[in-house]
Amino acid sequence: MDMMGLYAAKSAILVAARLRLGNTATRLLLHMALECWDEKRDAQEPRRYFGGRELSAIALGFLAPENGSAAAHRAVKRAVHELVESGAIKRLRAGGRGLTSEYELMLDSARPQTARRQTNDPNVLPFIGGQGGTDWYPQRATF
């Protein structure tokens, strides 16, 4: 079954935390992950984003028609710069001449082998019965 961005998005949250990305860059990385394929699909490689500046600007909160504004483009440019500099994404093609930029997300998007994984990695959230629930709670959280 083809998955669009589910596993990449889960990985993006951890990558953003590990790299200590700012809120805007984190939001854009999560958007990029949700728009890419988790696994190779026909000729389309996994973890590729080519949504363009206007779509990226919407992900940052600029609704149409403001998503085409200079301010929106500057916000996207700053977030992309942070993502490239941190190593979270890699630019594969610069935009222009009717083509959007293409980026590779430098994160794991592979489907887990089992629904319930045993791990000693403190950065991996444990799952209960593969339903997405967790028995891990942040120190400051109140429920």
Side-chain angles (χ1 to χ4, degrees), residues 1-134 136-141:
M1 171 175 29
D2 293 332
M3 285 293 217
M4 191 160 186
L6 173 65
Y7 300 112
K10 287 183 173 190
S11 183
I13 297 298
L14 291 174
V15 166
R18 287 182 182 141
L19 295 176
R20 300 184 188 279
L21 296 176
N23 290 337
T24 304
T26 297
R27 189 171 176 170
L28 184 56
L29 181 62
L30 184 57
H31 164 74
M32 290 174 154
L34 288 168
E35 291 289 322
C36 73
W37 290 102
D38 282 329
E39 299 170 346
K40 187 170 181 161
R41 182 173 188 241
D42 300 322
Q44 179 60 51
E45 293 295 323
R47 298 177 312 281
R48 297 296 195 273
Y49 177 78
F50 21 157
R53 285 188 297 193
E54 286 78 16
L55 182 60
S56 296
I58 290 171
L60 299 182
F62 293 89
L63 299 179
E66 287 80 23
N67 65 321
S69 70
H73 288 184
R74 281 192 306 273
V76 169
K77 187 175 181 178
R78 282 191 304 269
V80 166
H81 179 76
E82 183 177 349
L83 292 171
V84 169
E85 289 297 309
S86 70
I89 65 172
K90 179 177 162 184
R91 186 185 314 266
L92 299 177
R93 178 183 70 218
R97 299 181 194 183
L99 294 174
T100 60
S101 296
E102 181 177 352
Y103 301 95
E104 178 180 4
L105 281 62
M106 308 306 291
L107 44 83
D108 183 22
S109 66
R111 178 183 300 221
Q113 295 299 316
T114 61
R116 186 179 182 115
R117 290 194 283 180
Q118 297 295 330
T119 181
N120 292 328
D121 184 352
N123 293 315
V124 176
L125 303 179
F127 294 97
I128 298 175
Q131 300 300 311
T134 180
W136 174 86
Y137 296 100
Q139 295 290 338
R140 293 176 290 172

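Note that the coordinates shown come from a computational prediction; the quantities given were computed from them, not determined experimentally.
- With sequence neighbours left out, the salt bridge (charged side-chain N to carboxylate O under 4.0 Å, His left out) criterion links Arg93 to Glu102.
- Residues that satisfy the side-chain hydrogen bond (donor to acceptor under 3.5 Å, both in side chains) test with Glu45, not counting sequence neighbours, are Lys40.
- Leu29 places a side-chain heavy atom less than 4.5 Å from the side chain of Leu107.
- The heavy-atom pair separating Thr24 from Ala79 by the smallest distance is CG2-CB, 4.0 Å.
- Judged as a side-chain hydrogen bond (donor to acceptor under 3.5 Å, both in side chains), and not counting sequence neighbours, the contacts of Arg91 are Tyr103.
- Under the salt bridge (charged side-chain N to carboxylate O under 4.0 Å, His left out) criterion, no residue pair touches residues 51-62, with sequence neighbours excluded.
- For Ser109, the side-chain hydrogen bond (donor to acceptor under 3.5 Å, both in side chains) partners two or more places apart in sequence, or in a different chain, are Arg47.
- Of all non-hydrogen atoms in Ala72 and Ala57, the two that sit nearest each other are CB-CB, 3.7 Å.
- Partners of Lys90 by side-chain contact (heavy atoms from CB on, under 4.5 Å), not counting sequence neighbours, listed by chain and number: Leu92, Glu104, Met106.
- Annotation: ring-ring contact (aromatic ring centres under 6.0 Å, His included) contacts involving residues 45-85, sequence neighbours excluded, comprise His31-Tyr49.
- Considering only residues two or more places apart in sequence or on other chains, Leu34 meets the side-chain contact (heavy atoms from CB on, under 4.5 Å) condition with Ala9, Leu30.
- At least one donor-acceptor pair closer than 3.5 Å links the side chain of Asp38 to the backbone N or O of Leu6.
- Not a single salt bridge (charged side-chain N to carboxylate O under 4.0 Å, His left out) links Glu66 to another residue, sequence neighbours left out.
- Among pairs with a residue in residues 68-80, none fulfils salt bridge (charged side-chain N to carboxylate O under 4.0 Å, His left out), at least two apart in sequence or across chains.
- Under the side-chain contact (heavy atoms from CB on, under 4.5 Å) criterion, Ala25 pairs with Leu21, Glu82, Leu83, sequence neighbours left out.
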